[in-house]
Number of protein chains: 2
Amino acid sequence: MVKVAKDNSTEEKILEAARKIFVHKGMTGARMQEIADAAGINKAMLHYYFRNKEMLFETIFSQAAQKLFPQLNIIFESDLPLFEKIENFVQAYMDVMIENPYLPMFVLTEMHQNPERFYKKMKGEMNFPKPDKFLAQIEKEVKRGTIKRISPLQLLMNIISGTIFPFIAKPMFQMHIGLDELQFRQFITQRKKEYAGFVIDAIRK
Amino acid sequence: MVKVAKDNSTEEKILEAARKIFVHKGMTGARMQEIADAAGINKAMLHYYFRNKEMLFETIFSQAAQKLFPQLNIIFESDLPLFEKIENFVQAYMDVMIENPYLPMFVLTEMHQNPERFYKKMKGEMNFPKPDKFLAQIEKEVKRGTIKRISPLQLLMNIISGTIFPFIAKPMFQMHIGLDELQFRQFITQRKKEYAGFVIDAIRK
DNA sequence: ACTTTTGTTAACCATTTGGTTAAATTATAT
DNA sequence: ATATAATTTAACCAAATGGTTAACAAAAGT
């Protein structure tokens, strides 16, 4: 008997609820009962569909990581000229995070609190983008004299920092500056347009 | 009888151990027994010195926040010219984080996972730096035409992102790029020297 | 029709975990 | 010296928590 797709609404409900809870409270802060309640089902169902807490968490985490990491390939693998590549990356990555504002913090938290599990997961499942090509491209432009002298790694860090950090620091920033949800969204929209230009201005000769 | 300072080595041992555990595993991931073990004392001592887990955690968290947030005043309150201010901030803040590489992630995690507690804490105890002066200074330079047109908030975010994010992304970055501890430290040292210059190059006319 | 598989529930269980207590030990004051 | 206060420990406790079970209901196969 093949396990036919069935009405997967239950499994889907579980995943949705688990995502919500795990993303906000982390692996250790989440409670199975809470997830069950959020999904509107019996706690035993969680174990029926996903053996245990660990496995449920890993499912959620993998999905999250899959949304974030492969995007890095945009910057690493494409054949665009440097400036366009930067522009592309910032916009594409910010779009992902506009849709999933909590993902970056969720993934980073897990990475810090449980690096072993994280590494194992990554090595195995994730087709992990290698930045070599991008770094080489920067190096080349530096040597050509197209852009200012800068360490490729530093430039890469600058691009990624400015793209991701705003979503991580959102609560801190909102509190400090006193932005509400709408203002923050506007801030991000503006940033999506302008940040690549900022970086480019910094390296353009 | 006045509670005299006493040999506070026990209290100090507890705080040290608690810091280590909390910072790595977060509030919910930490175990009181684990902290006691790390401190080499009986678990009841934790409750003797700090009523309960919540209060022990808040002590640690407050100390951490106190190390990070007031530093922002460097950028907000000083009277230096803009470029020097940026240079100053980047260097001072990175020094703090070189000494306490796990603090930023710790504070951010708590902020995300328990914003209510965080806000309450901040409003009460922390003399929270207001960025108004710094933002006004940027605005002024823009109007004067000393620097390129840029939203003050965007520039502030750029400065902070590039300064803090490398410490948050350390594990991700190390894995991606394959840096060891030493190489990472060198990367940070270089960054401390160069990042302010990167920002300044981006806004200088 | 009826047998078998799949999905769901309520009740239960073992362990972990934060927290307490009462007694013992050490320091402090008189 | 001795009474008093502060510190420390081992044993204990109740609640929370992840996980299981056995019975039941709904689909699916024959």
Side-chain angles (χ1 to χ4, degrees), chain A residues 1-62 106 109-110 113-114 116-117 121, chain B residues 1-62 106 109-110 113-114 116-117 121:
Chain A
M1 175 116 329
V2 183
K3 186 178 177 184
V4 120
K6 115 201 137 201
D7 186 345
N8 69 350
S9 78
T10 297
E11 190 167 336
E12 206 32 69
K13 272 192 290 179
I14 293 177
L15 285 174
E16 236 172 88
R19 198 170 302 128
K20 181 173 150 190
I21 306 289
F22 276 136
V23 158
H24 279 90
K25 311 205 169 178
M27 161 73 179
T28 52
R31 298 288 155 244
M32 293 298 267
Q33 186 59 58
E34 203 182 356
I35 294 173
D37 292 348
I41 51 141
N42 189 291
K43 183 163 68 89
M45 287 276 84
L46 299 181
H47 296 87
Y48 180 76
Y49 281 91
F50 307 84
R51 197 160 214 78
N52 55 34
K53 190 184 183 183
E54 182 90 13
M55 285 183 172
L56 178 54
F57 179 83
E58 300 219 329
T59 303
I60 298 299
F61 181 76
S62 287
F106 173 59
T109 301
E110 168 64 6
Q113 293 187 353
N114 204 329
E116 310 78 41
R117 177 168 48 192
K121 203 88 192 154
Chain B
M1 173 118 327
V2 183
K3 185 177 174 182
V4 119
K6 115 199 138 208
D7 187 346
N8 70 350
S9 79
T10 298
E11 191 168 335
E12 205 34 67
K13 272 191 292 180
I14 292 177
L15 285 173
E16 237 172 89
R19 198 170 303 130
K20 182 173 149 191
I21 307 289
F22 276 136
V23 158
H24 279 90
K25 311 203 169 179
M27 161 73 178
T28 51
R31 298 287 154 244
M32 292 298 266
Q33 186 59 58
E34 203 183 357
I35 294 173
D37 292 347
I41 52 143
N42 189 291
K43 181 164 68 91
M45 289 274 83
L46 300 181
H47 295 87
Y48 181 75
Y49 283 90
F50 307 85
R51 198 161 216 76
N52 55 35
K53 190 184 184 184
E54 182 90 13
M55 284 183 171
L56 179 54
F57 179 82
E58 299 218 331
T59 304
I60 298 300
F61 181 75
S62 287
F106 173 58
T109 301
E110 168 64 6
Q113 293 187 355
N114 204 329
E116 310 80 39
R117 178 167 50 194
K121 202 89 193 152

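First the proteins, then the strands, lettered A, B, ... as listed; each starts at 1.
One atom, CD1 of B:I14, and another, C1' of D:dT8, lie 11 Å apart when rounded to the nearest Å. Computed from coordinates, the A:Y48 OH to C:dA10 P distance equals 17 Å when rounded to whole Å. Whole-Å rounding puts the A:L46 CG to D:dT17 P distance at 14 Å. Across the protein-nucleic acid pair, B:M45 atom CE and C:dG19 atom P stand 15 Å apart, rounded to whole Å. We find that NZ of A:K13 is positioned 12 Å from C1' of C:dG7, with the value rounded to whole Å. Note: OH (B:Y49) to P (D:dA6) measures 12 Å, nearest angstrom.
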Contact state string [nucleotides 18-26 of chain D, B base, S sugar-phosphate only, - no protein heavy atom under 4.0 Å]
BBBB-----
Pairs under 3.5 angstrom, nitrogen or oxygen only, protein versus nucleotides 22-26 of chain C, please.
none

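A donor-acceptor pair under 3.5 Å is absent between the side-chain atoms of B:K13 and the main chain of B:A36, judged by distance alone. Using modelled atom types, one side-chain atom of B:K53 and one backbone atom of B:M27 make a donor-acceptor pair closer than 3.5 Å.
Contact annotation: the side chain of B:I21 never approaches that of B:R19 to less than 4.5 Å [non-hydrogen atoms, C-beta and beyond].
A:D37 is linked by a side-chain hydrogen bond (donor to acceptor under 3.5 Å, both in side chains) to A:Q33, counting only residues two or more places apart in sequence or in another chain. Scanning for ring pair (Phe, Tyr, Trp, His ring centres under 6.0 Å) contacts around B:F50 gives an empty result, with sequence neighbours left out. Taking A:E54 as the reference, A:R117 meet the side-chain hydrogen bond (donor to acceptor under 3.5 Å, both in side chains) condition, with sequence neighbours excluded. The side-chain hydrogen bond (donor to acceptor under 3.5 Å, both in side chains) test applied to B:E58 returns B:K121, not counting sequence neighbours.
The aromatic ring centroids of B:F106 and B:F22 lie 6.0 Å or more from each other.
The side chain of A:T10 places an N or O atom within less than 4.0 Å of a non-bridging phosphate oxygen (OP1 or OP2) of C:dT8.
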